[in-house]
J.: 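Quick one: the structure is below, and I'll ask about it shortly.
Naming convention: chains lettered A, B, ... in sequence-line order (proteins, then strands); numbering from 1 in each chain.
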Number of protein chains: 2
Amino acid sequence: MDVQTAEDRALDAAEDLFYRRGVHAVGMDDIRDTSRVSLKRLYQLFPNKERLVTAFLQRRDVRWRGGLTDHVARVEDPRERLLAVFDWLRTWFVDPDYRGCAWINCFGELGATSPAVAEEVRTHKEGFRRLLRDLSAAAGYDDDLAEQLLILAEGAIVTAAITGDPAAAHQARAAAGKLLG
Amino acid sequence: MDVQTAEDRALDAAEDLFYRRGVHAVGMDDIRDTSRVSLKRLYQLFPNKERLVTAFLQRRDVRWRGGLTDHVARVEDPRERLLAVFDWLRTWFVDPDYRGCAWINCFGELGATSPAVAEEVRTHKEGFRRLLRDLSAAAGYDDDLAEQLLILAEGAIVTAAITGDPAAAHQARAAAGKLLG
DNA sequence: TGACACTGAGAACTGACGTTCTCTACCTTA
DNA sequence: TAAGGTAGAGAACGTCAGTTCTCAGTGTCA
């Protein structure tokens, strides 16, 4: 039944709590209570809270990009594939637990004080950019278009989070369609 | 020489420090040291830290929208006026002190725990949306276009903050130009 | 069996920080 | 001048949260 390692349980708790409430609002005690991993073990796995934060961002990055990659791979046409990115965003926005981009949120909260977190955020966004560039290139578009789609995606993520309205995905998709010509 | 009120000085310090380092990273002691307003007076002016945060966001909102409004007002052609929004964003991004959108940052940090701050952020974004709708309508475009420009602007703001590269304003402007046809 | 390493639960430590209190000095006004 | 209100400086308070420590229990291996 419970074959997860203590590390997995700790990261699950970290991801759930940090994303939902923000990093400062969650104490290591909360992580312990939710993960049922003792503080002693937590500090063996992650030497401090900052490392737990970066570890959760790293693991989430793998899942996030994987989910997006899998979704667009189901679409044949290269141009439609680019638009499918915004369909995937929409499925994310309608999640009742959606609270914006974990990396943007962490950047706003810790970017100025934690170089490690700031670096993690840049790494994630760079990965997203690379993904869009690859999709764009495959559809015969240049890097400028990929950059503009990235801006649209980021804008939709932020707008959907603040307004609570998933319609931002639809608007971004429509704008992307116009950019694709 | 120093005709500023204690409230002005407190808000100046709050704006500078909260924006630069984030809210949690700045203590009321720091506000006192920077503003030279005693803690006693600070707490007379703002009953708690949260109210100081919302007050700084409110005052910044007035200045921010005012600066944008003034900038685009200098452009005659209604269509060019919409594009001038992105020129104005660029002048903001090149500021060495640029650290993204204060409201988005505060939303990521406090949105989940402070309803008052979350409301302040929504108010600001709603004001920005209204501004873009008015500009769009004056140029003969509909609300959908305004919404797409809003998404582009938000995306540029976030991307410029994380990458540190003001080029996001240029890309967003180019995309906006294509949307305007 | 017995020494030993490791674990969990939780107490304890430590510093930070939001908030309040104390005390003295100054200004205003009758 | 006297009285009272207000301000400033900073100490003090209480809580919280990151981190470490204690101690008893348990499994492992010679």
J.: What is the distance from CZ of A:R9 to C1' of C:dG8, rounded to the nearest Å?
T.: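 The answer, rounded to whole Å, is 12 Å.
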J.: To the side chain of B:R32, which of D:dG18, D:dG10, C:dG10 is closest?
T.: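 Looking only at side-chain atoms, B:R32 lies closest to D:dG10.
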J.: Quick check for you: among D:dG18, C:dT19, D:dA7, whose closest atom lies nearest to any side-chain atom of A:Y43?
T.: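 Given the options D:dG18, C:dT19, D:dA7, the side chain of A:Y43 is closest to D:dG18.
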J.: Are side-chain N/O atoms of A:E50 and A:S114 paired as donor and acceptor at under 3.5 Å?
T.: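 Indeed, the side chains of A:E50 and A:S114 share at least one donor-acceptor pair under 3.5 Å.
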J.: Roughly, in whole Å, what's the span from CD1 in A:I31 to P in D:dG18?
T.: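 About 9 Å, once rounded to whole Å.
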J.: Indicate, with a heavy-atom threshold strictly under 4.0 Å, whether B:V26 touches base, sugar-phosphate, or nothing.
T.: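 Here B:V26 touches the backbone only, sparing every base.
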J.: Classify the side chain of B:K49 and the base of C:dG18 as holding, or not holding, a donor-acceptor pair under 3.5 Å.
T.: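 There is none.
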J.: For B:L45 and D:dT6, what is the distance between atoms CG and C1' respectively, to the nearest whole Å?
T.: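 After rounding, the gap between these two atoms is 13 Å.
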J.: Look at A:Q44 and C:dC6 and indicate whether a side-chain polar atom (N or O) is within less than 4.0 Å of OP1 or OP2.
T.: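 No, A:Q44 has no side-chain N/O under 4.0 Å of OP1/OP2 on C:dC6.
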J.: Do A:Q171 and B:E147 pass the side chain to side chain donor-acceptor pair (under 3.5 Å) test, and can you show the C-alpha distance, the side-chain angles, and the key distance before you say yes or no?
T.: CA-CA 7 Å; A:Q171 292 287 359; B:E147 195 67 23; 5.9 Å; no
J.: Rounded to whole Å, how long is the line connecting atom CE of B:M28 with atom P of D:dA11?
T.: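 It works out to 18 Å between those atoms.
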J.: Return yes if some donor-acceptor pair links the side-chain N/O of B:R99 with the main-chain N/O of B:Y19 below 3.5 Å, else return no.
T.: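 Here the side-chain-to-backbone pair exists.
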J.: Between the side chain of A:R32 and the main-chain N/O of A:V37, is any donor-acceptor distance below 3.5 Å?
T.: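 Flag not set: sc A:R32 to bb A:V37 has no pair under 3.5 Å.
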J.: Round to a whole Å and report the spacing from NZ of A:K40 to C1' of C:dC6.
T.: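 One finds 7 Å between C1' of C:dC6 and NZ of A:K40, rounded.
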J.: Tell me the interatomic distance from B:D33, atom CG, to C:dG18, atom P, rounded to whole angstroms.
T.: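 Roughly 12 Å, once rounded to whole Å.
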J.: Picking from C:dG8, C:dT19, D:dA9, which would you name as closest to the side chain of B:L39?
T.: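 Nucleotide nearest to B:L39's side chain: C:dT19.
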J.: When the distance from CG of B:L42 to P of D:dA9 is rounded to whole Å, what number comes out?
T.: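 Taking CG of B:L42 and P of D:dA9, I get 11 Å after rounding.
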J.: Map A:P47 and A:A25 onto DNA chain D by nearest heavy atom, then report which one ends up closer to the 5' terminus.
T.: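 Whichever sits nearer the 5' end wins; that is A:A25.
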J.: Tell me: CG of A:D29 to C1' of D:dA17, nearest whole Å?
T.: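 In whole Å, D:dA17 C1' and A:D29 CG are 7 Å from each other.
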J.: Can you tell me if B:E154 and A:T159 form a side-chain donor-acceptor pair at under 3.5 Å?
T.: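 Not at all, the side chains of B:E154 and A:T159 share no donor-acceptor pair under 3.5 Å.
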